[in-house]
Amino acid sequence: MTLFKNMRHALLRDTVTKLSMLVVVLWLCVALLPHALPELLPLDIDLPKTRMAPQWNLSEPSGWFGYDSVGTSVFYQVLSGAGVSLSVGLCTVLLSFAIGIPLGALAGSGRRYFDVLITRLMDILLSFPPLVLPIALTALLGGGFLNVVVALTVSGWIGSAKLVRAEFRALDKREFVEAARALGATPRRVMFVHMLPHAASSLLVHASFSLAGVILAEAGLSFLGLGLGDEHPSWGASLSEARAYLLESPHLAIFPSLALLSLVLALNFLAESLRASLDPKAGSA
Amino acid sequence: MFHFSWLRAFVGRLCLSFLLAVLLLPHFRALAAPSIQASLAETLRVGFETRPRSVDPRFVATDANSQYLEPLLHLPLVGFSESGEPQEIVAEKIQFTDPLTVVVKIRDGIRFAQGRSIDVDDVVATYKFVCFGALGLPPSPRRGAFERVKNIEKVSPSEMRLVLSEPDASLISNLTVGILPKEALSRKPDDLVGLGFESGPFLLKKAADDEWIIQRNGKYTGAPFGGMLPRVENVVFKILTDNNTRYAALLKGEIDLLQNSVDSDKVVEFQNRRAGEFEVQLKTSDSTAFLAFNFRHKLFQDVRVRRAIALAMNRAEILKFTLQGLGQEANSMFPPGHAFHFENKNSAEHNLREAELLLDLAGLKDSDGSAGPQPRATFNIKVPLNRERIAVAKAIAGQLKKVGLKVKVEVLEFNTFMKHLNNGNVQAWIAPWTGYKDGDHLHFVFHSKRTPPSGANRGFYSNAMLDELLDKAKSEASLEQRRRLYQEAQAIVSQELPYIFLWHRVGHVVHSRRVSGFRIFADGRYTSLTQVQVR
Amino acid sequence: MSRGILAFLARLVFVSFAVVTVVFLLQRLLPGSPADAVLGADALWSDKQRWLAAHGLDRPLHHQYSSYVQALVQGDFGVRWIDGRPVAPLIAQRFLETVRLAVCALMVSISCALFFGVVGALRAGTRSDRLLAVVSLFFISAPTFITGTIMLWIFSVWLDWLPLTGSQGWNSLILPAFVLGITLAAITGRMLRSSLIETLSQDYIRTAYSKGVSRLRVVGVHALRNALLPTTTLLGLQIGSLLSGAIITEQVFTWPGLGSLMMEAVSQRDYNLLSGCVVVLSVVQVCAAALVDVLHRQIDPRMART
């Protein structure tokens with residue numbers, strides 16, 4: 001419970017953090033929009049409007065951000081891109097945690113055999129420079145949502161695994177763990193009920209940072225031509241297309257960049273202030 | 001306890017080693033690859049989208065840039081006139097003595113840069129290598145064009161003979177292999193630089209990953225058959241893979257000329273707003289974009305559906321907005337002016353009403369009207385990752401939505417796209433054909449025996465009548481007869497619509513006003529580089 | 001010391017071997033036959049088979065693997081399929097370019113990080129600190145292909161200060177090195193700032209001040225040295241980011257380095273070239289991490305003794 005109290009304290013501490021929180025929540029709502037009310041985001045193709053500049057006409061929101069190279073509204077494109085970018089990010093982070101936490105726990109559980117095995121595996125994966133393995137994998141599997149998520153997860157789980165492993169090793173000799181063991185708790189119970197909550201705060205910080213990282217990585221993959229390849233582009237895909245019209249139609253680049261920037265910035269700010277207040281070792285910000 | 005000195009020493013050492021590394025590295029590089037010194041006025045700088053894979057005539061593959069450079073370096077037996085008809089270069093005369101035998105007479109007096117004349121032995125050796133390979137060297141990727149060649153032999157000091165296993169009228173248009181001296185053929189692939197094996201107007205000077213340089217062949221003897229003696233000393237091809245960078249490099253004057261490698265909207269921009277510094281040349285090119293259907297998919301087996309799709313599309317609109325007008329509506333495979341062009345009188349004009357009627361007839365009723373969310377049918381179009389093609393596919397999807405057809409656009413990385421195509425794992429797709437010369441191309445694309453992996457009939461289209469016509473045309477020697485047969489074949493294609501032809505691209509050249517003398521050709525060749533002058 | 005070197009070598013061999021195996025397995029599963037990419041998808045089936053046979057790609061997987069590893073041990077990366085040129089010198093040449101870029105980027109990164117970190121820590125909580133935080137978080141959050149393209153237009157085309165393409169002169173290095181370095185600088189700078197703040201609140205710093213040591217000396221010598229410790233660890237981790245960031249930066253600036261070679265290999269399905277690139281990149285990453293470890297020991301006398 002203290003975690004949540006700390007968290008609330010951390011999240012409502014200063015204006016920047018509050019603002020970041022607001023931005024993240026806002027984008028999450030927008031991301032859910034197409035699932036709840038698909039008719040709210042008309043992504044119609046209308047060629048005569050190709051690359052039309054923004055028009056600030058209040059009654060017609062589709063024209064606010066201008067139109068892209070097939071005459072689709074950039075405003076709606078950005079809104080629907082939130083769903084795409086965030087779902088790639090969230091799925092990757094969740095999948096990474098689902099793999100990383102158990103493996104990290106196993107490695108930190110004190111059994112040498114598992115520890116050596118998992119650490120070696122992490123060593124191998126860590127010796128690929130970060131984007132290299134996802135590039136090779138998306139080239140192997142082809143683009144597409146699932147493949148991009150899998151490719152980014154393959155090296156993404158290591159962060160959480162390392163965190164959990166370190167935390168568990170540090171907690172192993174603490175009194176309350178010894179006490180739980182003495183009271184006859186099974187090793188699994190000790191790990192997941194008694195030890196894991198202690199790693200939760202740093203995992204939360206890690207999740208926030210890595211969500212930002214994954215969204216950027218997906219943008220990078222899209223730029224290299226190895227992205228989702230979906231009909232409805234993520235922000236990264238919109239941006240890599242907009243690069244070609246930077247001079248003539250800057251609105252194509254400006255709005256998706258602002259969206260991407262706002263979310264990634266907010267996530268990074270959030271992570272920093274979470275870290276500052278949840279983890280007293282990290283120094284004050 | 002702490003001393004200032006360690007930090008100073010540490011930072012000092014760090015900086016020094018960095019500085020040294022940075023200062024020395026360029027020199028290492030300079031040692032490794034001496035660059036050619038030439039004054040700017042004698043050098044033309046051309047931007048290339050991709051590195052030519054190989055200009056070694058034995059191993060020139062399908063990439064366009066290699067094929068453009070090859071005839072500038074190594075003269076072939078035949079080249080092509082502007083309308084795409086074969087034209088003798090090293091060959092003086094080519095003749096079918098019977099349907100299975102071709103006799104080629106070699107022109108006298110064309111020399112390799114090393115000084116020796118091209119003789120029959122060189123030609124025979126080159127073609128033998130391409131057709132039958134050589135021990136210890138990889139097979140030639142060109143072999144496919146000479147499938148039916150059974151034997152190659154010298155018959156007199158100036159004549160050679162090619163013997164075929166089956167009649168093949170398209171053979172002459174395939175005799176484009178650059179001739180190498182016979183002693184060059186045992187060399188390793190691409191190991192031909194600086195040895196004087198060239199017979200064309202240029203010599204290859206440098207073939208690196210970031211630039212290729214060709215230099216005037218001062219001893220050129222091929223004129224007037226293979227172009228004139230070049231006026232510029234060097235042509236540098238800069239390999240700039242990024243669209244944005246190529247465009248910026250041309251604007252900034254780091255390159256002088258770009259052919260077919262800026263986006264259409266940039267071409268229009270050069271034409272309208274920068275006409276003072278840049279000249280733009282346009283010409284309808286030998287390139288035909290199409291929407292193709294997989295006949296294994298039930299929806300497309302009904303010709304009414306295919307026709308309805310053709311009617312529902314508004315190609316003029318896409319041409320205007322997506323391609324900035326740089327295309328000419330196509331109604332058949334070969335563009336007007338091409339030797340095998342077919343004037344399609346049956347072409348589908350944009351007509352939504354008729355399209356809806358046809359779809360109703362085909363049993364695809366629209367229960368809630370064309371504005372309602374329920375589609376008549378759903379299918380997907382696959383496209384490779386290419387900005388323009390994605391835009392075109394999306395535009396088509398938008399247009400088909402108006403008649404109640406729901407189209408999902410699926411974008412694939414290029415190799416994956418090809419794999420899906422060749423496995424038949426596709427419903428409809430958009431692609432262009434480029435670089436075709438002969439009517440035989442139709443055989444490759446529509447004949448029912450040419451399904452992958454032995455051809456490009458990737459939609460598994462099959463029509464017995466068409467097969468017969470195409471087979472006949474392949475074995476026919478007379479050009480007149482072949483033209484007639486291909487007209488008939490294309491009439492069937494225009495009725496059956498295995499492809500909906502979209503447009504012939506308008507090719508473009510953008511060059512700075514410093515450059516004069518460059519001319520654009522329909523097939524995108526660079527032969528006019530010999531005429532170019534740089535101020 | 002020699003035991004440390006031995007352990008490092010053993011680790012290097014193990015990791016390289018594992019990397020080679022992973023890369024080998026990955027590539028044999030890539031969609032699209034390499035023959036399609038080399039001969040063109042329209043080539044004849046029989047030709048494609050012949051080509052595969054000529055490169056030994058029709059043999060069972062374990063045969064291919066053993067001969068590949070054998071060749072690799074002898075420093076033979078095979079030939080680039082599209083033109084038959086040996087891969088090893090190609091990689092060497094491109095690698096040099098990437099090193100040149102990476103070293104300059106590292107210089108940018110270190111100097112900017114020092115600036116961000118020291119100023120941010122000394123002025124913690126003030127307006128300039130917040131400005132620096134926003135600037136560095138901007139560079140962390142913006143995709144490099146966008147910042148890179150914008151800078152390219154501003155400095156190369158619009159202002160015409162720097163060349164746009166090529167890798168000849170030193171001035172063509174400035175933009176890519178800056179773009180590549182600044183992202184790392186932002187991350188490292190944030191890290192340095194927080195560890196400097198922590199160090200500055202320690203007792204010995206207060207002692208130093210009370211002894212009358214100048215502020216410059218306290219910060220520059222006493223505090224920075226300790227604050228650099230966690231930062232160098234981070235720097236070691238960032239060598240990897242530097243290498244993978246180079247892939248995108250090289251694409252944006254058409255820099256003929258290893259990253260663009262790798263993307264070329266991906267698009268041409270050239271197994272030999274791709275394996276070569278990935279193996280070299282990974283080995284560099286492992287070596288760099290070891291190097292940073294050594295550096296770490298140099299700065300921290302406690303570590304040297306253990």
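Naming convention: chains lettered A, B, ... in sequence-line order (proteins, then strands); numbering from 1 in each chain. Since the model is a prediction, treat every value here as computed from it, not as a measurement.
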Closest-packed option against chain A by number of heavy-atom pairs under 4.5 Å, given [options]:
| options | value |
| --- | --- |
| Thr144(C), Ile248(C), Ile247(C) | Ile248(C) |
| Val279(C), Val134(C), Val252(C) | Val252(C) |
| Ile146(C), Val284(C), Leu243(C) | Ile146(C) |

task: With sequence neighbours left out, write down each residue that passes side-chain hydrogen bond (donor to acceptor under 3.5 Å, both in side chains) with Thr249(C), or none if nothing qualifies.
output: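 Checked Thr249(C) against side-chain hydrogen bond (donor to acceptor under 3.5 Å, both in side chains); zero matches.
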
query: Does Phe128(A) reach the side chain of Gln285(C), with side-chain heavy atoms less than 4.5 Å apart?
result: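 Heavy-atom side-chain distance check fails, nothing below 4.5 Å.
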
Flag side-chain contact, heavy atom, 4.5 Å: Leu226(A) against Met263(C): yes

Shortest non-hydrogen contact from [X] toward [Y]:
| X | Y | value |
| --- | --- | --- |
| Val132(A) | Ser244(C) | N-CB, 4.5 Å |
| Ile140(C) | Leu216(A) | O-CD1, 3.2 Å |
| Gln251(C) | Phe223(A) | CB-CE2, 3.8 Å |
| Ser241(C) | Pro130(A) | N-CD, 3.8 Å |
| Pro143(C) | Leu239(A) | CG-CD1, 4.1 Å |

message: Within the supplied structure, the quantity of interest is the number of heavy atoms (other residues, nucleotides, ligands) at a distance under 6.0 Å from Arg123(C) CZ; does it exceed 12?
response: no

Portion of [X] that has a non-hydrogen atom of chain C nearer than 4.5 angstrom:
| X | result |
| --- | --- |
| Ala212(A) | neither |
| Ser240(A) | both |
| Ile215(A) | neither |
| Leu263(A) | neither |

Nearest 0.5 Å please: distance from the [atom1] atom of [X] over to the [atom2] atom of [Y].
| X | Y | atom1 | atom2 | value |
| --- | --- | --- | --- | --- |
| Leu133(A) | Leu281(C) | CG | CG | 12.0 Å |
| Leu261(A) | Phe138(C) | CG | CZ | 5.5 Å |
| Cys277(C) | Ile135(A) | SG | CD1 | 11.0 Å |

Please state whether the side chain, the backbone, both or neither of [X] comes within less than 4.5 Å of a heavy atom of chain A.
| X | answer |
| --- | --- |
| Leu242(C) | neither |
| Val286(C) | side chain |
| Phe14(C) | side chain |

- request: Quick one: which of Leu131(A), Leu224(A), Leu267(A), Asp123(A) has the most heavy-atom pairs under 4.5 Å with chain C, could you say?
  value: Leu224(A)

